[in-house]
Chemist: 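Here you go, one structure.
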2 protein chains.
Amino acid sequence: MPVAELLPLRDLAACCAPITREVISELDAGRLARTLKAVADPARLRLISMVAAHEDGEACVCDLTEPLELSQPTVSHHLKVLVESGILSRSKRGTWAYYTIVPGSLDSLAGLLATV
Amino acid sequence: MPVAELLPLRDLAACCAPITREVISELDAGRLARTLKAVADPARLRLISMVAAHEDGEACVCDLTEPLELSQPTVSHHLKVLVESGILSRSKRGTWAYYTIVPGSLDSLAGLLATV
DNA sequence: CACAAACATTGACGAGCGTCGATGTTTTGG
DNA sequence: CCAAAACATCGACGCTCGTCAATGTTTGTG
């Protein structure tokens, strides 16, 4: 469920801000809520931040387990949630799994949130 | 926990984007996660949207219960969560309770999310 | 091939969340 | 003062979520 497919693009012809805006659909609300849930967790927020702050913008599980003070299975679980929601991407090189932030994913999610 | 007090203002002197950004603190991650959790729910996202789309940008519980297809106690519960997180504000006039979006709350929350 | 390292997966547990019916509280109207 | 309307609160239920120990899987190494 990549962030880019969360919602259809807003009608670009809407040049004038309408007096009464349109209510978000039940389907879109469910999709957006699912992605927001993926981010609405202290450990996952820190994981995102740590990946972004790490060298070359990528980090493996071993880089994240110790500073997060959580067990390795828990860290892997959180990373999986973030990958499945389209925030992070995973690339395996050798024994290591490197995680990277999907460019623009956080920004588009923030954009969707701001226009609810 | 108003949104405005979620995080201290970023250092405005940071004119140049640092090679390695700073990791969000455990405390800030917890606070931001709590506010995001308040928004990461389909019913609450629709409530926010319905309040914004309603006449004069305010709506009472009776306006929201039927279109949301949820019981009145459930709607009141969701509204309370949104008020306590600083997204909505409540003003009682007579028997009715009118809910309004706190100006800029969603935008600042989105801004915090985008800079994690 | 055997062993170790890095992750992923599984199963289980406790805590928290969304929902509702029932009930309490406050305000208006007669 | 009493009845009705609009909400809020309470208590309870099922479900989801975050966490961990144990185990499985894959890759590199001697």
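Sequence lines set the chain letters: A, B, ... in the order given, protein chains first and strands last, and positions in each chain run from 1.
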Chemist: Considering heavy-atom distances to DNA chain D, does A:V81 or A:R93 have its closest nucleotide positioned more toward the 5' end?
Modeler: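 Going by which nucleotide is closer to the 5' end, it is A:V81.
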Chemist: By the 4.0 Å heavy-atom rule, please label B:Y99 as base, sugar-phosphate, or nothing.
Modeler: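 Touches sugar-phosphate only.
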Chemist: Any N or O donor-acceptor pair under 3.5 Å from the base of D:dA6 to the side chain of B:Q72?
Modeler: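 Result: no qualifying N/O pair found.
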Chemist: Measure CG/A:D63 against P/C:dA6 and give the value in whole Å, please.
Modeler: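 Going from CG in A:D63 over to P in C:dA6 covers 11 Å.
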Chemist: In whole Å, what is the span from the CG atom of A:L70 to the P atom of C:dC7?
Modeler: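 That distance rounds to 16 Å.
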Chemist: Need to verify one output field. Residue with the more 5' nearest nucleotide on DNA chain C, A:C62 or A:K37?
Modeler: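 Its nucleotide being nearer the 5' end, the pick is A:C62.
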Chemist: To the nearest angstrom, how far is B:D41 atom CG from D:dC15 atom P?
Modeler: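 Computing the B:D41:CG to D:dC15:P distance gives 17 Å.
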Chemist: Starting at CG of B:L88, measure out to CZ of B:R44 and round the result to the nearest 0.5 Å.
Modeler: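 That separation rounds to 11.0 Å.
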Chemist: Are B:S76 and D:dA8 close enough that a side-chain N or O sits under 4.0 Å from OP1 or OP2?
Modeler: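 For D:dA8, OP1 or OP2 has a side-chain N or O of B:S76 closer than 4.0 Å.
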Chemist: Within the pair B:R90 and D:dA8, is there a side-chain N or O less than 4.0 Å away from OP1 or OP2?
Modeler: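 Answer is yes, contact under 4.0 Å.
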Chemist: What is the distance, rounded to the nearest whole Å, between atom NZ of B:K80 and atom P of C:dG18?
Modeler: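 From B:K80 NZ to C:dG18 P: 13 Å.
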Chemist: Could you pick out which residue, B:P73 or B:H78, lies toward the 5' side of DNA chain C when each is mapped onto its nearest nucleotide?
Modeler: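 By nearest-heavy-atom nucleotide position, the 5'-most residue is B:H78.
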Chemist: Taking OP1 and OP2 of D:dC20, is either one under 4.0 Å from a side-chain nitrogen or oxygen of A:S71?
Modeler: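 A:S71 to D:dC20 OP1/OP2: side-chain N or O found under 4.0 Å.
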Chemist: Does A:R44 reach a base, just sugar-phosphate, or nothing at all? Heavy atoms under 4.0 Å.
Modeler: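 Contact class for A:R44: sugar-phosphate only.
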Chemist: What is the separation between atom NE2 on B:H77 and atom P on C:dG16, rounded to the nearest whole Å?
Modeler: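 It is 14 Å, rounded to the nearest whole Å.
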Chemist: Got a donor-acceptor contact below 3.5 angstrom from the B:T115 side chain to the B:G111 backbone?
Modeler: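 Yes, the answer is positive, given that a donor and an acceptor are paired below the 3.5 Å cut-off.
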Chemist: Please state how far atom CG in B:L79 lies from atom P in D:dA8, giving the value in whole angstrom units.
Modeler: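 These atoms are roughly 7 Å apart.
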Chemist: With rounding to the nearest 0.5 angstrom, report the OG1 to CG distance, B:T65 to B:D63.
Modeler: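 Taking OG1 in B:T65 and CG in B:D63, the distance rounds to 8.5 Å.
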Chemist: Side chain of B:T95: nearest nucleotide among D:dA6, D:dT19, C:dT26?
Modeler: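 Looking only at side-chain atoms, B:T95 lies closest to D:dA6.
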Chemist: With respect to the phosphate group of C:dC20, does any side-chain polar atom (N or O) of B:T74 fall under 4.0 Å of OP1 or OP2?
Modeler: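 Answer is yes, contact under 4.0 Å.
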Chemist: Please report, rounded to the nearest Å, how far the C1' atom of C:dG18 is from the CZ atom of B:R46.
Modeler: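 Between C1' of C:dG18 and CZ of B:R46: 16 Å.
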Chemist: Answer yes or no: is there a donor N or O on one side and an acceptor on the other, between the side chain of B:S49 and the main chain of B:L45, under 3.5 Å?
Modeler: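 The answer is no, because no donor-acceptor pair under 3.5 Å joins these two groups.
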Chemist: Without decimals, in angstroms, what is the distance between A:W96 CH2 and C:dA8 P?
Modeler: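 It works out to 14 Å between those atoms.
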Chemist: Keeping A:D56 on the side-chain end and A:E58 on the backbone end, is there a donor-acceptor pair under 3.5 Å?
Modeler: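 Looks like no, no N/O pair under 3.5 Å.
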